[in-house]
Amino acid sequence: MAEQPLISEECYSFKPLIEWEQDETPFLAGIRKKEWDSWAAFNLRLEAEALAITQTNEELLCPVHLHDLWARAGMIPYPHQLETVRRVIREMRGRAILADEVGLGKTIEAAMILKEYLLRGLVRRFLILTPATLCRQWAAELMEKFQIPTIIARRGHEWDIYNGLICSIDTAKRQGHREKILARGFDLVIVDEAHKLKNARTVSAQFVQEIPKKYFLLLTATPLQNDLKELFTLISLLRPGQLGNYRAFRQRYVAGKRKPKNHSELREILSQVMVRNKRGPQIQLPERQVTTIPLTLTPPEQELYEEVTAFIRKEYRPGEQGRINPLTLITLQREVCSSSFAVAMTLYRLAKNCDESTQWRIVSLLEKSRQIKENAKIEKVLEILSQSKEKFLIFTEFIATQEYIRSRLHAAGIPTLCFDGTLSASKKDWTRCFFRDSPHHQVMVCTETGGEGVNLQFCHQMINYDLPWNPMRIEQRIGRIHRLGQTRPVKIYNLSTVGTIEEHLLNMLEEKIRMFELVIGDMNQINRYLGDSRSFEGRVMEAIVRAKHNRELRENLAKLGEEIANSLAAPANSAPWDDLI
Amino acid sequence: MPDAAAVREFVQKALAINNAEYRLVDGELIIAKVTVEHPPFLFGPPRLETVTLNLIFQPEHINKYPGAELATPGSYRLNWLIDGIRRRGGLTKQCVTYHTNFRKWQKEIQPLLPVGFPYFFFHHPKLHYRPYLLANFLISYRTDERRDELFSVGLDLVSGQILPTLQADLKQHTLTDRMPVTSTIKEEIPVKEAIAICRAQAEKQAKKMDPGWIEEARERFLTELACLKQYYGENRDEVAYRTRAAELHNKFRPRVTLTWINLALLYLPEVSYTLQSLSGEPLPTVLYYPVGSRIELKDDHAPNPVTGPRVHPVG
């Protein structure tokens, strides 16, 4: 069989293609209809075109173009963002991984690059692929801060009509959308949360690779999580060949699954296609002011807490076929720290589904919880709110607690909004804007699932009504308001019920790990530690069930805290690629 | 880059042409009232609203006039005005107004005559209006970068002569939309054909470009292609490789895009003298075109006219 000839560069013509933007028909029609304008208008039109011509590729157009809009919106482009835009356009020719740490404005950088290309007339059709929950946020940011109108593609007809499209990656790769996207292609494609494409064999990664595009931006705060192969996949998706093929990459740069070699060379190659801005002396956020507010549970609450904890200690048998699922018991323990209303819901469901031997016990706990009409925490919340007229975010993990807070604040004459995962994307967007703009609504009660990825930096005060047992989720909460654009010190109030797991957990996070003072880089280290070891929730739960009394519980948790703190301090624990990116 | 004064001047003209009231404060701030059309929304009809604009042209004036908008090249407000002007001035029909002072004509013609031209008496001047087509284009040179330039071309609709500097030449003249009733020369090239000639001229201009930008883009393309080859190695016959290489080619290949800006049908004065030498011998007819300050000597016996040198007008 004859060898198939390879395609060489000679096949690609560089003879300029001369094309007309439009033909002269409108002019002929105008002459026929005698649509004559004045000589002054004729000349002014020419002057207008001369002014609109952009000859320079050196200076950025977008900061000048948007100067007034940004001034009105109070948005200041940071030097690191402008520098990133310059580098991506000049040096990287519009193909880059934007890998800034969380909260440093990757979205803003990507939007600035998009605007710059639109102003230069190099991009007309663009597509933004993002998780479904962030589609509206992207559309709003592009419109409000960059005057770029977009359409969120949902049904499929949009692909034929509009040039600026946002779509969730799951929708885009579905039949009916996929074919249209691949057939038309785009001048610029932006993929948000691009670490989801780290596996080259997934449908998403292959689909994104197939989209015809000129310029390409990948946005992720974690370009490298577990394996150097992930990095290879992302870079090759962006610019195939930058790291050679996989065999060459492995030979030259991989010492082990998580251990790179030829560090400086690899770092240099990565820097040609990746921009990673980190917090440091150049990029600083306002300080975090953390206040822990100790409070004592009312006697019925304390009694409920003790009895539920004793019940959990008895029933919790991880790894064994117990009567109650250990995960349900962990939830129950977290709920009893949150509110009597949250725990009542789970107890009710448990009572319906468990066997008779434990049912009477659960029903008695349920009865106890239902008799409690007031929680001590809410009084503290009212006290905090009375001290300031400014906006507050209250975070809780449970919908039942959220509803209780809302109704109590409402009864106290404080109009309150709720923000949770049950809201549709449009309601979330409306609630966020309403909370920002309404002078009457001082408080928004938020659950984690509701607040994920949402930017709320117009507010600078938050109350942790209850505490997630996962430090990353605490950081996620704080990250909603402690990010670029925040101009005031961020005030964090932690409610700590004396004599409960919450008190010891907070002590551990605050004193041992110094959780609230950490920057995101340290958080990644914690995350890695937690990822390597057993789940943090499981460890806390073990500490609870092993403890016979309160003091022992405190000691157990302190030990866990020390373990984490030691692992953070040990240089050997930092990832071998930390200095790579 | 146009300076602040040029931008301010443009803004003033744009406001004036739209009959907007405006006031210039200290040569730094323009306060203007403009009527803005809001597009229809759902079932609501479009509506007009009067908006006050406070425009400054230099960043130094931001603090001096708080709340004023900066109108600089590339700024939102200037682009807004430019977009507005783009709806105007697409077509015009004009006539250059010209004086009928014979002595002045003679003064203008004399320096344009070739050296050694016989002495003669000026008499029997005739003023005609000759039709021209003036077309302006935007030529964009695009690869993964873009560079734009304006191109202008004039065409004599009687002789078919191309006048590359017509747009610039007209700057020194006054034009009116009142057409001469008589003494216009009938065009011999139909407008449709004339437009095609101008179009061909623009394409010719586009082909004249400096090939440096193509070479640069080609080099960038080859760098990217070399990188791609490293990834695919020996599997370069794969469809994926071809697709990606074609994608790169599409990004870097040079394209020249031509866009019509506007078109003018013009009637320009032409003064003709039938001459006799001092000894009474017939001389070539002198055709004088005040726009562009050029003369043409038309010998009725000679097969081709002799064109005189282009000289800027005296005084």
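Chain identifiers are assigned alphabetically (A, B, ...) following the order of the sequence lines, protein sequences preceding nucleic acid strands; residue numbering begins at 1 within each chain.
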*Decide yes or no on salt bridge (Lys or Arg N to Asp or Glu O under 4.0 Å) for A:Arg93 and B:Glu145, but give the supporting numbers first.*
CA-CA 9 Å; A:Arg93 302 264 157 210; B:Glu145 292 175 352; 2.6 Å; yes

Any side-chain heavy atom of [X] within less than 4.5 Å of one from [Y]?
X: A:Ile31; Y: B:Leu265; result: no
X: A:Arg95; Y: B:Lys251; result: yes
X: A:Val64; Y: B:Leu70; result: no
X: B:Leu170; Y: A:Asn43; result: no
X: B:Gln230; Y: A:Pro240; result: no
X: A:Leu46; Y: B:Ile261; result: yes
X: B:Ile214; Y: A:Pro16; result: yes
X: B:Lys192; Y: A:Leu28; result: yes

_Side chain A:Arg45, main chain B:Ile85, donor-acceptor under 3.5 Å_ =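 No; zero donor-acceptor contacts below 3.5 Å.
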
*asked:* Would the distance check show the side chain of B:Thr92 and the main-chain N or O of A:Asp37 forming a donor-acceptor pair, the cut-off being under 3.5 Å?
replied: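 At least one qualifying donor-acceptor pair exists.
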
Of the backbone (N, CA, C, O) and the side chain (C-beta and beyond), which part of [X] lies under 4.5 Å from a heavy atom of chain A, both, or neither?
X: B:Thr243; result: neither
X: B:Tyr232; result: side chain
X: B:Leu138; result: side chain
X: B:Ile62; result: side chain
X: B:Ala68; result: backbone
X: B:Asn79; result: side chain
X: B:Leu81; result: neither
X: B:Thr143; result: backbone

Looking at every non-hydrogen atom in both residues, tell me the closest pair between [X] and [Y] and how far apart they are.
X: B:Glu247; Y: A:Pro212; result: OE1-CA, 3.8 Å
X: A:Ser13; Y: B:Arg253; result: O-CB, 4.4 Å
X: B:Leu91; Y: A:Glu35; result: CB-O, 3.6 Å
X: A:Ile18; Y: B:Ala206; result: CD1-CB, 4.1 Å

Under 4.5 Å from a heavy atom of chain B, the part of [X] involved:
X: A:Leu60; value: neither
X: A:Phe232; value: side chain
X: A:Lys34; value: neither
X: A:Asp68; value: side chain

[X] [atom1] to [Y] [atom2] distance, which is reported to the nearest 0.5 Å:
X: A:Glu21; Y: B:Leu258; atom1: CD; atom2: CG; value: 9.5 Å
X: B:Asn18; Y: A:Leu44; atom1: CG; atom2: CG; value: 8.5 Å
X: A:Lys213; Y: B:Arg244; atom1: NZ; atom2: CZ; value: 5.5 Å
X: B:Lys93; Y: A:Phe42; atom1: NZ; atom2: CZ; value: 14.5 Å
X: A:Trp39; Y: B:Asp177; atom1: CH2; atom2: CG; value: 12.0 Å
X: A:Ile53; Y: B:Ser140; atom1: CD1; atom2: OG; value: 8.0 Å

Taking every heavy-atom pair that is under 4.5 Å apart, which of [options] has the most such pairs with chain B?
options: A:Glu24, A:Arg239, A:His65, A:Lys15; value: A:His65
options: A:Glu210, A:Arg247, A:Gln147; value: A:Gln147
options: A:Ala40, A:Gly121, A:Gly30; value: A:Gly121

Option in [options] with maximal non-hydrogen atom pairs under 4.5 Å from chain A:
options: B:Lys207, B:His249, B:Lys171, B:Arg255; result: B:His249
options: B:Leu228, B:Asp144, B:Leu150; result: B:Asp144
options: B:Leu78, B:Leu175, B:Thr176, B:Thr259; result: B:Leu175
options: B:Arg77, B:Arg199, B:Arg87; result: B:Arg199
options: B:Met209, B:Arg220, B:Arg142, B:Glu215; result: B:Arg220

*B:Tyr231 ring center near A:Tyr246 ring center (under 6.0 Å)*: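 No, too far apart.
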
*Compute the ring centroids of B:Tyr76 and A:His67, then answer whether they are less than 6.0 Å apart.*
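Ring centres of A:His67 and B:Tyr76 not closer than 6.0 Å.
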
_Side chains of B:Asn136 and A:Glu49: any donor to acceptor distance under 3.5 Å?_
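No donor-acceptor contact under 3.5 Å links the two side chains.
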
*Going by atom types only, do A:Trp36 and B:Gln94 share a side-chain donor-acceptor pair under 3.5 Å?*
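There is no such pair (donor and acceptor under 3.5 Å, judged by atom type) between the side chains of A:Trp36 and B:Gln94.
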
*Evaluate the ring planes of B:Phe137 and A:Trp20, with Trp represented by its six-membered ring, and classify them as parallel (under 30°), tilted (30 to 60°) or perpendicular (over 60°).*
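Rings of B:Phe137 and A:Trp20: perpendicular, as their planes differ by over 60°.
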
*Which word best sums up how the rings of B:Phe221 and A:Tyr12 line up, parallel for under 30°, tilted for 30 to 60°, or perpendicular for over 60°?*
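If you compare the ring of B:Phe221 with that of A:Tyr12, the planes turn out perpendicular.
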
*Residue A:Arg124 excluded, over 12 heavy atoms near CZ under 6.0 Å*: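 Count not over threshold, so no.
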
